[in-house]
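Labels below follow one simple rule: chain letters A, B, ... track the order of the sequence lines, proteins then strands, and each chain is numbered from 1.
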Amino acid sequence: MKFVVEGAEHSAAPEQSCADLFKAALSGKRFKNTVAVSCANELFDLSTPLARFPEGATLTPVSVDDQAGLELLRHSAAHIMAAAVKQLFPKAQVTIGPAIDNGFYYDFDNERPFTPEDFAAIEAGMQKIVAQNLPFTRRELPSADAVAFFTAQGEHYKAEIIKDLGAEKVSLYDLGGFTDLCRGPHLPHSGFVKAFKLLSVAGAYWRGDEKNRMLTRIYATAFADEAALKQYLHQIEEAKKRDHRKLGKELDLFAFHEDVAPGMVFWHPKGMLMRTILEDFLKREHLKRGYQLVQGPQILRRELWMKSGHYDNYRENMYFTDIEGDIHGVKPMNCVGHMLIYNSALHSYRELPVRLAELGVVHRHEMSGALHGLFRVRQFMQDDAHIICTPEQLEDEILGVVTLIRDLFSLFGFSYRLAVATRPAKSIGSDEAWEKATNALIKAMEKIGEPIIINEGDGAFYGPKIDCRVTDSLGREWQCSTIQVDFTLPERFDLVYVGQDGERHRPVMVHRAILGSIERFIGILIEHCAGNFPAWLAPTQARLLTVTDDQNSFALEAAEILKKFGIRAEADTRNEKLSYKVRQAQVEKIPYILVIGNQELEARSVNVRLRNGDNLGVKTLEEFADILRADCEEPFKRGGMSYSFS
RNA sequence: GCCCAUAUAGCUCAGUAGGUAGAGCGCAUCCUUGGUAAGGAUGAGGUCAGCAGUUCAACUCUGCUUAUGGGCUCCA
């Protein structure tokens, strides 16, 4: 038989394996790293007989250095872990163990949950298996036989999986004395797993369903060499350094008082200042774009939540309070307030679109286990707005919102992806309304030149939506913005407008939030820039440091002058060495450090040092103000926006 | 809500066969007036998360509660 390997034709007997073919076709070094074969986008074991492939097929070697090879290595490492666990804990049942981003896991059902104290023993067991270079051998069995096989071994989860698969036959992989149900492919032998580490244990429901038994999941990672593992562990450490919870404390931005208000933020002066600058900017930007700022009450009577449907669908996430025997609900969303504001007058088609915006504080009772720093809190502010328009205006309105998304995220240096979510199986509204609205969303994205990604059936039950995922500087994705067309609320609240024909018509209503939760966004921003906030947002923009007490009065005077320029400046006149003050300002990540010694004092100027250590030399206060102003304005130019100093 | 781990000074952490606690940073006072990432001395600071139990004795062991961390589930 003939095959194409790396562009060249090779022939081999059909009973030979891919390994035989590659051994002849590849250099020794290349062959040594080859762990699998790829043919027509499908992966196979290296031991697969050539007869399995069609004459003339292109067989691509998969190296352990490839992404695909690494995934395969991790999957095999999961089997090795399961084998080691079974040796140590024969009563433990194995379930599933896939490769994931950055590693792998395996879920076990043991009489007692595993703990990190078990790691050393399990790792030692894995090391033994790795050292033996045990082969992964594939065999196929009729499903019924496989069920009998696993049942006899007491592996009831495996038997259940096979039954649910409903296939005629299944493949099994043997590794030493351990057999696992698996599609494969796997490494030729366990010796390829040169570096691995168990990372954590976690509870995980069988099949991800909370009604099922909770299994013990062991998270781990594996690499083809020790250096890659070390680098990965180092990367985890680096990511921890920019954890917003850690930086929030270090930079004194915010804190939690878990004993009195779990899941709710106490904003300290610096954090609140930053927040205020951000909110202020958002408000101005919304006004510029034709939104009207409004504000509804924080608590509203239960009857209203019944009308809106929140009482039926969202009650368990809401807080309620009894006021003179009347149950009131704390708002989990801002919609209803905006509906009432719209309905306070009869609107003409001439007034549409009405865009009501609110930096609204909402409360949602998140489950205790779900709370996570600023990312998941129980009280937060949304940059929320509701657009009420005619069906014809919908496309332009969506375009406006998508443009705002583009401008705001590029301001912070995030990249983002938009996706349209279409009608789910369970939903309300007419086909025509769904189709019209979905098309408007897609057309608006086309107009602005965004790639069209469709998430079929992922819309809300009440309407289609556009979701936005932003990517931060570490390459992590976050769901922030959402644009949702809503077919229910206009009905429930009987929203109308008077058309040109004098008749009453039902408007279209759109919910939208850009940054989403302000708390969460600030958390993301902190990690995105590692606490090095852009100059326009930094709580302290410049700190004046004196070399000796002799410069103190000028430093205080200079700080006042800079404040008059609209700069957030402060003087550090403490009796400490300059290097000590520099270090502290640096640790606080203050964008500009202004040093004043006798030289600068004489010239009534400052020596400008940047947070990255660069020195811009001696500048007058006016010159420095210009530098800082330009630095603040720079990011706004990207979105064609402007930021004015107060 | 579920599984595992954790809870010691304002912060970061150490500690003890079970005999009521330490360091560094920060803070205060003093000395020092020093040119770009930590000058020195002295001092103040803790009901060892909360509640119960075992014990002559609990920060330490046990149970419960609360919260936090890592996950699962949830996020109409």
Salt-bridge present (A:R543, A:E570; N to O < 4.0 Å):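 Counted as a salt bridge, because a side-chain N and a carboxylate O are separated by less than 4.0 Å.
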Can you check the distance between [N] and [M], where both ends of the measurement are the [atom1] atom (answer in whole Å)?
{"N": "B:rU73", "M": "B:rA14", "atom1": "P", "result": "32 Å"}
{"N": "B:rC48", "M": "B:rG18", "atom1": "C1'", "result": "14 Å"}
{"N": "B:rA17", "M": "B:rC74", "atom1": "P", "result": "46 Å"}
{"N": "B:rA58", "M": "B:rA49", "atom1": "C1'", "result": "15 Å"}
{"N": "B:rG34", "M": "B:rG46", "atom1": "P", "result": "39 Å"}
{"N": "B:rU55", "M": "B:rG22", "atom1": "C1'", "result": "26 Å"}
{"N": "B:rG50", "M": "B:rU6", "atom1": "C1'", "result": "16 Å"}
{"N": "B:rU8", "M": "B:rC13", "atom1": "P", "result": "9 Å"}

Side-chain donor or acceptor of A:Q541 paired with backbone N/O of A:R568 under 3.5 Å: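 Yes, the answer is positive, given that a donor and an acceptor are paired below the 3.5 Å cut-off.
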Is a side-chain N or O of A:R217 found less than 3.5 angstrom from the main chain of A:G97, in a donor-acceptor match?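 Checked: no pair found.
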Under a 90° cut-off about 0 for the syn range, is B:rG45 syn or anti? syn
Between [X] ([atom1]) and [N] ([atom2]), how many Å, whole number?
{"X": "A:L198", "N": "B:rC4", "atom1": "CG", "atom2": "P", "value": "18 Å"}
{"X": "A:I593", "N": "B:rA38", "atom1": "CD1", "atom2": "P", "value": "12 Å"}
{"X": "A:I596", "N": "B:rU33", "atom1": "CD1", "atom2": "C1'", "value": "16 Å"}
{"X": "A:D549", "N": "B:rC31", "atom1": "CG", "atom2": "P", "value": "12 Å"}
{"X": "A:L215", "N": "B:rC3", "atom1": "CG", "atom2": "P", "value": "13 Å"}
{"X": "A:N102", "N": "B:rG71", "atom1": "CG", "atom2": "P", "value": "12 Å"}
{"X": "A:R207", "N": "B:rC3", "atom1": "CZ", "atom2": "P", "value": "22 Å"}
{"X": "A:E576", "N": "B:rC25", "atom1": "CD", "atom2": "C1'", "value": "13 Å"}

Remember a base hit wins even if backbone is also touched, and classify [X] as base, sugar-phosphate or nothing at under 4.0 Å, heavy atoms.
{"X": "A:G613", "result": "nothing"}
{"X": "A:T216", "result": "nothing"}
{"X": "A:R609", "result": "base"}
{"X": "A:N598", "result": "base"}

Quick one: is [N] close enough that its OP1 or OP2 comes under 4.0 Å of any side-chain N or O from [X]?
{"X": "A:Y219", "N": "B:rC72", "value": "yes"}
{"X": "A:Y580", "N": "B:rG26", "value": "yes"}
{"X": "A:K249", "N": "B:rU12", "value": "yes"}
{"X": "A:R376", "N": "B:rC74", "value": "no"}
{"X": "A:S579", "N": "B:rG35", "value": "no"}

Ordered by number, residues from residues 77-93 of chain A within less than 4.0 Å of RNA chain B (heavy atoms) are none
Map A:N607 and A:Q484 onto RNA chain B by nearest heavy atom, then report which one ends up closer to the 5' terminus.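 It is A:N607 whose nearest nucleotide is closer to the 5' end.
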Assert: residue with more 5' nearest nucleotide on RNA chain B, out of A:N313 and A:V582, is A:V582
[X]-[Y] side chain donor-acceptor pair, cut-off 3.5 Å:
{"X": "A:T115", "Y": "A:E117", "value": "no"}
{"X": "A:H156", "Y": "A:Q93", "value": "no"}
{"X": "A:R423", "Y": "A:S427", "value": "yes"}
{"X": "A:T546", "Y": "A:K581", "value": "yes"}
{"X": "A:R609", "Y": "A:Q586", "value": "yes"}

Using the ring centroid of each side chain, check whether A:F108 and A:F114 are separated by less than 6.0 Å. yes
Closest listed nucleotide, where the reference is the side chain of [X] and the choices are [options]:
{"X": "A:T548", "options": "B:rG34, B:rA37, B:rG35", "answer": "B:rG34"}
{"X": "A:R583", "options": "B:rG39, B:rC3, B:rA37", "answer": "B:rA37"}
{"X": "A:E210", "options": "B:rG39, B:rU73, B:rG35", "answer": "B:rU73"}

Watson-Crick or G-U stems of RNA chain B, 3 or more pairs, under 3.5 Å, by first number: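 Counting only runs of 3 or more consecutive pairs, the stems involving RNA chain B are B:1-7 with B:66-72, B:10-13 with B:22-25, B:27-31 with B:39-43, B:49-53 with B:61-65.
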Reference residue A:I466; test side-chain contact (heavy atoms from CB on, under 4.5 Å); the match among A:V510, A:V485, A:L441: A:L441
Cation-pi, A:F104 ring and A:R74 (6.0 angstrom, 45 degrees):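 Judged by the rule, A:R74 and A:F104 form no cation-pi pair.
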For A:Y580, does the six-membered ring have the charged nitrogen or CZ of A:R574 within the cation-pi criterion, i.e. under 6.0 angstrom from the centroid and within 45° of the normal? no
A:N607/A:N615 under side-chain hydrogen bond (donor to acceptor under 3.5 Å, both in side chains): CA gap, chis, key distance, verdict: CA-CA 8 Å; A:N607 193 312; A:N615 196 303; 3.1 Å; yes
A:E527 pairs by salt bridge (charged side-chain N to carboxylate O under 4.0 Å, His left out) with which of A:R245, A:R476, A:R520, A:R242? A:R476
Polar-atom pairs under 3.5 Å, protein N or O versus N or O of nucleotides 61-69 of chain B: list them with distances, or write none.
from, atom 1, to, atom 2, distance (Å)
B:rG69, OP1, A:R245, NH1, 3.0

